[in-house]
Amino acid sequence: MNNKAFHFEIEKRIDHHLGRAGIIHTPHGDIKTPAFMTVGTKGSVHFLSMDDLQQIGAQAMLSNGYHLRNRSYEISEDGGLSQWSGWEGPTLTDSGGFQVMSLGSGLGKVVNMDRVKDVINTEKKDRLALVSEKGVDFHDPYTDQDDFIGPEQSMQIQCRIGADIHMAFDELTSLADTYEYNVEALGRTERWAQRSLDEHKKHCMDLGYYQALYGVLQGGRWEDLRRSTSKKLAKMDFDGYGLGGAFLKEDLGEILRWCCEELPENKPRHLLGLSRPDDILIGTMMGADTFDCVAPTREARHGRIYTHYGYYNITNDPHSDAPLEPGCDCPTCRAGYSRAQLYTLLKSEKKEEKYQFFNLASMHNLRFIIRLTEEIRQAILDGTFMEYKDTFIKNYYHR
RNA sequence: GGAGGAGUAGCGAAGUGGUCAAACGCGGCUGACUGUAACUCAGUUCCUUUUGGUUCGGCAGUUCAAAUCUGUCCUCCUCCA
């Protein structure tokens, strides 16, 4: 059927929509979709052990080629990301495309889906990353060194890291960029896509198993750009697609639809960087199969706790004996931790106790999002997706 | 009993005549966070929602003007008896 150890199997579709439930087969295991991939940028999820990840039902881990670039040879010698990190399941690496934006036009800015009016790009002279046709020159804030990554470098790095799925090197534009700039950036991203594909082919079997490559769709919020780039990349020999971009909340579903209508149905699609419940629900409905996001863990560390009835901050309920969410099946709630106990850990001056809070809160939020994807999957298989979605949104957003 | 030193907002700590409701840190409270420069960031923290009021151990003074100077009292710390 497929001589590569990577393929996507569709099990069931959502009626009248582009969404589906399926299975992505990779050399390191299967991913039942829709699925949320936990973000372990440098090869581990902040404050979670691999055992913790198993316990919360994590299926796959996403790491970052940019952050791991200086360790890629070491990882390669170890046999790849799975061996090296101790995460035995499927893995994915990002190309570093996000850092083009976060260290460049978005330096010091928050990537927000609700505001657009007050979004201003960082001045060119202040940026740590500068884009040109060849790639991205940047200044690494950690090592204080100047460095360069282009499509070829990104592919070489990712192939040494050896995740099961790689992302083409792309340029993520910001909400503040104009149509004209998006045309320019998109052309570059498309040329980089071809260069990524060419370079990837040379190294994709270097570690002894096939490493898949996803092409990344950009194009901002413009239908003509989204559809044309989707058509172009659809004709190229990618194993799947990354749905990229800075989205305005109300545009997300529409943009995904434009893209997914043009993409081949039999290849998996990963929505890059989003994980609010409505994003996942709309994303799934519009054809995205996998997701990743730093928010569940980052927000957990900052005290925001997810529940079916919306989120709250643990600091607003410091004396409660209640669990984070009654009835939750996460390890934290199952172990019987109360909000008061967790608050005490968060506020502790002892580092270990604070870290314990980070661990417990992160597991809760991640489990919440992972359980959401599990339930969505089951609802699709049961043919009840739309009902599930409406009920969930109604409870979560109180509308 | 004697000699020094110190008392500033919840805490720690600047400030030694006006530009002081009083820096800064912590703690507290709000909010933010979406392919992790993110165990981070922003705002707020005497009362009062007024170009207002009451403050810098207490009281009494000096001065146009005091947290800052003088006197006195109280409390605390160190050292000597």
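Lettering follows sequence order; numbering is per chain, from 1.
Side-chain atoms of A:Asp279 lie closest to B:U34 of the nucleotides B:A37, B:C39, B:U34. With distances taken from any side-chain atom of A:Leu107 to the nucleotides B:A38, B:A37, B:U36, the minimum falls on B:A37. Of the candidates B:G35, B:U34, B:C39, B:C39 carries the atom nearest the A:Phe47 side chain, counting heavy atoms from C-beta on. Distance from the side chain of A:Gln218 is smallest for B:G35 among the nucleotides B:G35, B:C39, B:A37.
Nearest-nucleotide assignment on RNA chain B puts the 5′-proximal partner with A:Pro318, out of A:Gly40 and A:Pro318. Each of A:Tyr66 and A:Ser275 was matched to the nucleotide of RNA chain B holding its nearest heavy atom; the match closer to the 5' end belongs to A:Ser275.
A salt bridge is absent between A:Arg334 and A:Asp329; no separation between the charged side-chain nitrogens and carboxylate oxygens falls under 4.0 Å.
Close to B:A32, at under 4.0 Å from its OP1 or OP2, lies a side-chain N or O of A:Arg304. Between B:U40 and A:Arg301, no contact under 4.0 Å exists linking OP1 or OP2 to a side-chain N or O. For A:Gln99 and B:A37, the shortest distance from a side-chain N or O to OP1 or OP2 is below 4.0 Å. Note on A:Tyr142: a side-chain N or O is less than 4.0 Å away from OP1 or OP2 of B:A38. Contact check, A:Ser102 against B:G35: no side-chain N or O comes under 4.0 Å of OP1 or OP2. An OP1 or OP2 oxygen of B:G31 is reached within less than 4.0 angstrom by a side-chain nitrogen or oxygen of A:Asn316.
A:Lys42 comes within 4.0 angstrom of no nucleic acid atom, judged by non-hydrogen atoms across all strands. Heavy atoms of A:Phe357 sit nowhere under 4.0 angstrom from any nucleic acid atom. Across all strands, A:Leu92 comes closer than 4.0 Å to no nucleic acid atom at all (heavy-atom distances). Across all strands shown, A:Glu349 has no heavy atoms under 4.0 Å from either base or sugar-phosphate atoms. Using a 4.0 Å heavy-atom cutoff across all strands shown, A:Tyr343 reaches sugar-phosphate atoms only and no base atom. Residue A:Phe247 is out of contact with every strand shown, counting any heavy-atom pair closer than 4.0 Å. If you check every strand for non-hydrogen atoms under 4.0 Å, A:Leu271 touches nothing. As judged by a 4.0 angstrom heavy-atom cut-off over every strand, A:Asp292 is placed among residues touching the sugar-phosphate backbone only.
In this structure, the aromatic ring of A:His67 is not positioned over the six-membered ring of the base of B:U36 within 5.5 Å between centres and 30° between planes.
As rounded to whole Å, 16 Å separates atom P of B:G35 from atom CD of A:Gln158.
Between B:U54 and B:A21, the two C1' atoms lie 10 Å apart (nearest whole Å). Annotation: B:G35 and B:U30 have their C1' atoms spaced 30 Å apart (nearest Å). Only the C1' atoms considered, B:G18 is 30 Å distant from B:C11, to the nearest whole Å. Going from the C1' atom of B:C56 to that of B:G12 covers 15 Å, rounded to whole Å. Nucleotides B:C26 and B:U40, compared at atom P, are 11 Å apart to the nearest Å. B:C20 and B:U34 have their C1' atoms separated by 45 Å, with the value rounded to a whole Å. One C1' atom belongs to B:U68, the other to B:A14, and the distance between them is 13 Å to the nearest Å. Nucleotides B:U55 and B:A60, compared at atom P, are 11 Å apart to the nearest Å.
With a 4.5 Å cut-off between side-chain heavy atoms of Ile, Leu, Val, Met, Phe, Trp and Tyr, the cluster of A:Tyr309 takes in none.
Placement of A:Leu81 and A:Met50 in two distinct hydrophobic clusters is found when ILVMFWY residues are connected by side-chain heavy-atom separations under 4.5 Å, directly or transitively. The hydrophobic clustering, which links ILVMFWY residues whose side-chain heavy atoms are closer than 4.5 Å, places A:Phe392 and A:Ile14 together.
Between the side chain of A:Asn64 and the base of B:G35, no donor-acceptor pair of N or O atoms lies under 3.5 Å. You'll find a donor-acceptor pair under 3.5 Å spanning the side chain of A:Thr297 and the base of B:U36, going by distance alone.
Between the A:Arg339 side chain and the A:Pro323 main chain, a donor and an acceptor come within less than 3.5 Å of each other.
With sequence neighbours excluded, the residues satisfying side chain to side chain donor-acceptor pair (under 3.5 Å) with A:His25 are A:Glu9, A:Asp30.
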- Under the side chain to side chain donor-acceptor pair (under 3.5 Å) rule, what do A:Gln211 and A:Gln158 come out as? Steps first, then yes or no, please. CA-CA 9 Å; A:Gln211 304 173 21; A:Gln158 290 188 74; over 6 Å; no

